[in-house]
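Note sheet for the following structure.
So you know, we letter chains A, B, ... as the sequences are listed, proteins then strands, and number each from 1.
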2 protein chains.
Amino acid sequence: MKTDTVFKRAYNDALDLLSKLSRGEPVPPEGELSHQLGVSRTTVRKVLIELDQRGVVQGDGRKRTVRKSKGALQRFPKIETVAMADEVERRFMEWMLRGNVRPGTVINELELARLFKVATTGIREFLNRFQRFGLIEKRPNAGWMFKGFTNEFALELFEIREMFEFRSARVFVALPNRSPLWSQLDLIRIEHVQLLKDIGTRYHDFSDLDRRFHLLINSASTNRFITDFYDIISMVFHYHYQWNKQDERQRNEAAIREHMSYIDALKSRNWARTESTCAAHLASAKATLLRSTMQWDSFPSKA
Amino acid sequence: MKTDTVFKRAYNDALDLLSKLSRGEPVPPEGELSHQLGVSRTTVRKVLIELDQRGVVQGDGRKRTVRKSKGALQRFPKIETVAMADEVERRFMEWMLRGNVRPGTVINELELARLFKVATTGIREFLNRFQRFGLIEKRPNAGWMFKGFTNEFALELFEIREMFEFRSARVFVALPNRSPLWSQLDLIRIEHVQLLKDIGTRYHDFSDLDRRFHLLINSASTNRFITDFYDIISMVFHYHYQWNKQDERQRNEAAIREHMSYIDALKSRNWARTESTCAAHLASAKATLLRSTMQWDSFPSKA
DNA sequence: CATATGCATTTTATAGATAATAAACTAAAC
DNA sequence: GTTTAGTTTATTATCTATAAAATGCATATG
């Protein structure tokens, strides 16, 4: 059976939206809410019924108004707002990256299903999607094999990453001045400046900024395979940043500075300068990742 | 319920194996058969029971012997030996490449499931795997969108292909003489010579040879992402060759000659020469594919 | 005692079912 | 007559169930 995580997330979001309105104000039309919450009108209506029952809004049809929008309004717990598939992804990554799973381990669909408390189909679906990350391999009728989050993996990943990023950066510097990417680059530069200022408290925000920055560079290539490949890097770094907190603040601060040189080099339209700043940044990202794969490789076996 | 395609294929293969033995000879042990047929002993035993019932072998345990191995032995029809998942792949590719599906078409899981006569889970599984080919895109809770087998797709595909193949070829020429890849290259060269001789009758065998040749070149990179990417190219060309018979003989003959120059250039260890023969071959492969995407783009809409 | 077979157990591949959600259609209200 | 709400229909996400196939263990045989 489908879970109602979409509804619950929409409900929570609706609470946030309504909190901007005061008592007695009319509730925005369903179509408007549907657009703002990013769900179908069907779900909006379900949310409105719930809001009504919980006394947040009153009336129906076009004369629905806000009853109480402030105060301690009960929200659905976050865990109930994430789709099974996303939860499986998170749990699998945790299992794989933190669980010290040895290269060569056979992945058992049933076992994971029981461990994650989902049906086997959910695990299968995830593994099929995850296959393209190059970390698992299917053996027909006999499960999957985990190839290991190894040194080799990181090196192969970066070989491609470098190839793609250099190509994209080269296209980027040659972009005409009227390209919208230049203004996007300016905006993202400002974000870097701000984050650097607040680095003491907000250093964990770097992960997302990093992702958006490189995606912007790579979008210059307008090649779906390059953009899609960045998904792999994003995911690896996303979970890596989330769990490897060692020196996080320092690493991120250094990376921001590298990004800034890289951005300024791009803005100078000078390829030689861009190439060297890009190379420097990728080299330090690679070193960070390699440190963590080596770490895993040297752990003692769980079994 | 799982289908018994593995059993049926193994049964057919066992018939071929036994046909090499004469009446009265002992049947090879189960473990041996399991290895030769590439299935578990469980399946081998099921096959042996069936062979017994059909009078092909007799006796049991260690004293099983061949009863009749020649003559018109009944085999399972080929269609019953392919797993549902593979059949879905074939049917989907046909639907997509030959069905004149317009870019932007929304893919309906239920509709495909009915069309292909499988459960929706089978379609979902396929689409999840197929996503990495860059031809479809998922819109959560609202199906998949077909992006179109367009000109753009072919250009993006070849941009990456060229990048990877050049890199691999460069590594290949620099391979030490003792690398086993050199002898594999020699073997594949012989296959080219032979195919060229029989081109009149065997020209459709080129598709597979082409795949193996490029896979060999790319294996020099020892990068899983490069090897995996070749899956995409293989699949596209596999189905493309299968359905686009126009000028097939001529195209393949020309391609074989291109391969031969490319192989000889590699063998000469001369990078400049390799680069130009590789470029020439990729350019003509690209032109072939572009011809067929353009064709699709200009077809009238089905709806 | 090393192999081979026989048997029990576990796991995968696939179908089928259903609540949640989206999409499409219809009717009301301003 | 355009926007909005109400209702019906179609589709997706997810679970459960089960035959086929693989794996593991015990027993027999040369």
Side-chain angles (χ1 to χ4, degrees), chain A residues 1-10 26-34 38-49 60-64 83-88 106-114 117-128 138-144, chain B residues 1-10 26-34 38-49 60-64 83-88 106-114 117-128 138-144:
Chain A
M1 174 182 69
K2 209 170 173 172
T3 53
D4 59 354
T5 53
V6 172
F7 158 69
K8 285 174 174 166
R9 183 154 18 88
V27 172
E30 294 174 0
E32 168 87 16
L33 287 172
S34 157
V39 297
S40 71
R41 245 188 71 225
T42 309
T43 303
V44 167
R45 303 192 97 231
K46 202 173 154 190
V47 167
L48 286 170
I49 290 170
D60 62 351
R62 291 173 200 234
K63 35 194 180 306
R64 212 173 335 234
M84 179 275 274
D86 296 333
E87 183 62 8
V88 167
V106 169
I107 295 170
N108 184 318
E109 293 178 5
L110 248 175
E111 189 189 319
L112 286 185
R114 280 190 292 248
K117 306 220 194 323
V118 296
T120 49
T121 30
I123 301 290
R124 262 175 153 286
E125 184 173 323
F126 171 76
L127 293 173
N128 272 307
K138 188 163 175 57
R139 302 175 314 155
N141 293 307
W144 302 77
Chain B
M1 175 182 71
K2 209 168 173 174
T3 53
D4 59 354
T5 53
V6 172
F7 158 68
K8 286 175 174 166
R9 182 154 19 89
V27 173
E30 295 175 0
E32 169 86 18
L33 288 173
S34 158
V39 297
S40 71
R41 244 188 73 225
T42 309
T43 303
V44 167
R45 303 191 98 231
K46 203 173 152 190
V47 166
L48 286 170
I49 290 170
D60 60 352
R62 290 173 200 233
K63 35 193 178 308
R64 216 177 328 238
M84 180 274 277
D86 296 332
E87 182 63 7
V88 166
V106 169
I107 295 169
N108 185 317
E109 293 178 4
L110 250 174
E111 190 190 318
L112 287 185
R114 280 191 292 248
K117 307 222 191 325
V118 296
T120 49
T121 29
I123 301 290
R124 265 171 101 58
E125 184 173 323
F126 171 76
L127 293 173
N128 273 307
K138 189 166 175 54
R139 302 174 315 156
N141 294 304
W144 302 78

**Message:** Side chains of B:Arg124 and A:Thr121, heavy atoms from C-beta outward: is any pair under 4.5 Å?
**Reply:** no
**Asked** Under 4.0 Å between a side-chain N or O of B:Arg45 and OP1 or OP2 of C:dT5?
**Response** no
**Minimum heavy-atom distance between B:Val39 and B:Ser34, given as atom pair plus value** = O-OG, 2.7 Å
**Request:** Provide, to the nearest angstrom, the distance between the CD1 atom belonging to B:Ile49 and the P atom belonging to D:dA21.
**Result:** 13 Å
**Request:** Could you state the atom-to-atom distance from CD of B:Glu125 to P of D:dT12 in whole Å?
**Result:** 17 Å
**Message:** In whole Å, I'd like the distance from the CE atom of B:Met84 to the P atom of D:dA19.
**Reply:** 17 Å
**Request:** Could you state the atom-to-atom distance from CZ of B:Arg62 to C1' of C:dT3 in whole Å?
**Result:** 6 Å
**Request:** Determine whether A:Lys138 and A:Leu127 make a side-chain contact, defined as any pair of heavy atoms from C-beta on separated by less than 4.5 Å.
**Result:** no
**Message:** Is there a side-chain contact between A:Asn108 and the phosphate of D:dT23, meaning an N or O under 4.0 Å from OP1 or OP2?
**Reply:** no
**Message:** Check this one for me: any side-chain N or O of B:Lys117 less than 4.0 Å away from OP1 or OP2 of C:dT14?
**Reply:** no
**Spacing between A:Leu33 atom CG and D:dT4 atom C1', to the nearest angstrom** = 12 Å
**Request:** Grab the CZ-P distance between A:Arg64 and D:dT3 for me, whole Å please.
**Result:** 20 Å
**Complete:** From the candidates C:dA23, C:dT11, C:dG6, the one with an atom nearest any side-chain atom of B:Ala142 is C:dA23
**Complete:** Only one of A:Leu48, A:Thr42, A:Val47 passes side chain to side chain contact (heavy atoms under 4.5 Å, CB included) with A:Val44, and that residue is A:Leu48
**Message:** Are there over 12 heavy-atom neighbours, none belonging to B:Asp86, within less than 6.0 Å of that residue's CG?
**Reply:** yes
**Message:** Ignoring hydrogens, what is the shortest heavy-atom contact between B:Ala113 and B:Ala119? Give both atom names and the distance.
**Reply:** CB-C, 4.2 Å
**Request:** Measure from the side chain of A:Arg114, starting at C-beta and using heavy atoms only, and say which of C:dT14, C:dT11, D:dC15 lies closest.
**Result:** C:dT11
**Complete:** When rounded to whole Å, the CD to C1' distance for the pair B:Glu30 and C:dT5 reads 6 Å
**Prompt:** In terms of the nearest nucleotide of DNA chain C, which residue is placed more toward the 5' end: B:Pro140 or A:Lys138?
**Reply:** A:Lys138
**Request:** Would you mind telling me which residue lines up with the more 5' stretch of DNA chain C, B:Val27 or A:Gly143, judged by nearest nucleotide?
**Result:** B:Val27
**Item:** B/S/- contact track for nucleotides 16-21 of chain C, protein heavy atom under 4.0 Å
**Value:** B--BBS
**Request:** Report the residue (A:Asp60 or B:Glu109) whose heavy-atom-nearest nucleotide on DNA chain D is the more 5′ of the two.
**Result:** A:Asp60
**Fill in**
Among the nucleotides D:dT11, C:dC7, C:dT14, whichever has the atom closest to the side chain of B:Arg41 is C:dC7
**Request:** Would you indicate what B:Gly122 reaches in the nucleic acid, counting non-hydrogen atoms under 4.0 angstrom: base, sugar-phosphate, or nothing?
**Result:** nothing
**Request:** Could you check if a side-chain atom of A:Ile107 sits within less than 4.5 angstrom of a side-chain atom of A:Ile123, using non-hydrogen atoms only?
**Result:** no
**Request:** Select base, sugar-phosphate, or nothing to describe what A:Ile123 touches, counting heavy atoms under 4.0 Å on all strands.
**Result:** nothing
**Fill in**
To the nearest angstrom, the CD-P distance between A:Glu32 and D:dT2 comes to 20 Å
**Prompt:** Should the pair B:Arg64-B:Glu30 be classified as a salt bridge under the 4.0 Å nitrogen-to-oxygen rule?
**Reply:** yes
